[in-house]
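These notes are about the structure you will find just below.
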Amino acid sequence: DGGITQSPKYLFRKEGQNVTLSCEQNLNHDAMYWYRQDPGQGLRLIYYSQIVNDFQKGDIAEGYSVSREKKESFPLTVTSAQKNPTAFYLCASSLVAGGLLKTQYFGPGTRLLVL
Amino acid sequence: DQQVKQNSPSLSVQEGRISILNCDYTNSMFDYFLWYKKYPAEGPTFLISISSIKDKNEDGRFTVFLNKSAKHLSLHIVPSQPGDSAVYFCAASSGGGADGLTFGKGTHLIIQP
């Protein structure tokens, strides 16, 4: 059963702590993305990666870091530098065929709360 | 500066009638547009997309219309069903789009019995 999995579903962070959100896909998609959603807002792009070992900053990358060591995995670390981390985090993936974007498919999301 | 705008935060439609959700964009470089449906605490589900070389795309009850000169697109749902109640996001990309999507803030569609 192909899809995108995110874990955990809920995550609590203490002040000054780094936390890592997991995203795995078995769709053989080339590109992976991290978005953040705040109440009443659309999704905003944090980071994206089109190929393994390469990634690019999105619109709101400050306070976040990523890695792409494997095609299937794109973990997101929320660092202590992110001053307002409470949000719903969504991972997505897509094929990039011939340099053209195909539809992005989303995981179920992780809700991060600061204690 | 919001490049994708959904000016109606909510829309109420009677079951069986047509639902029309609107989206405007400002970036003339956008060439691929998508609609997603989202329930609370879940990831968005892809509904339908349209390339800028077309002005209409249809999939079952869902039709997307694109007016490039007006930088406007709309999603029509006919007939509306109770399960259609959700938040609908319009999204756009440019230059092949592998560098991510730009989303609107969403429209909450409520289907009334």
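Order of the sequence lines fixes the chain letters, A, B, ..., with proteins taken first and strands second; residue numbering starts at 1 for each chain.
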task = Report whether A/L90 and B/L34 are members of the same hydrophobic cluster (ILVMFWY, side-chain heavy atoms less than 4.5 Å apart, transitive linking).
result = yes

query = If only atom types and distance count, is the side chain of A/Y35 paired as donor or acceptor with the main-chain N or O of B/L101 below 3.5 Å?
reply = yes

inquiry  = For B/R61, is the CZ atom crowded, meaning more than 12 foreign heavy atoms sit under 6.0 Å from it?
reply    = yes

ask   = Same cluster for B/F65 and B/F33 if Ile/Leu/Val/Met/Phe/Trp/Tyr side chains link at under 4.5 Å?
value = no

key: hydrophobic_cluster_shared for A/Y47 and A/Y105, side chain cutoff 4.5 Å   = no

query = Are B/I20 and B/L66 grouped together when hydrophobic residues (ILVMFWY) are joined by side-chain heavy atoms under 4.5 angstrom apart?
reply = no

query = Do A/T103 and B/Y36 touch side chain to side chain, with heavy atoms closer than 4.5 Å?
reply = yes

ask   = Roughly how far, to the nearest 0.5 Å, is NZ of A/K9 from CD of B/E42?
value = 7.0 Å

note = Highest number of heavy-atom pairs under 4.5 Å with chain A among B/G104, B/G43, B/P44 belongs to B/P44

query = Of all heavy-atom pairs between A/F88 and B/K38, which one has the smallest distance, and what is that distance?
reply = CE2-NZ, 3.8 Å

ask   = What residues of residues 51-74 of chain A sit under 4.5 Å from chain B when only non-hydrogen atoms are counted?
value = none

query = Which atom pair, heavy atoms only, marks the closest approach of B/F89 to A/Q37?
reply = CZ-NE2, 3.5 Å

query = Based on non-hydrogen pairs under 4.5 Å, which of A/P108, A/A92, A/G109 is most in contact with chain B?
reply = A/P108

message = Is there a path of hydrophobic side-chain contacts, each under 4.5 Å between heavy atoms of I/L/V/M/F/W/Y residues, joining A/L43 to A/Y48?
response = yes

message = Counting only non-hydrogen atoms closer than 4.5 Å, does A/Q6 touch chain B with its backbone (N, CA, C, O), its side chain (CB onward), both, or neither?
response = neither

key: Side chain / backbone / both / neither for A/L45 at chain B, heavy atoms under 4.5 Å   = side chain

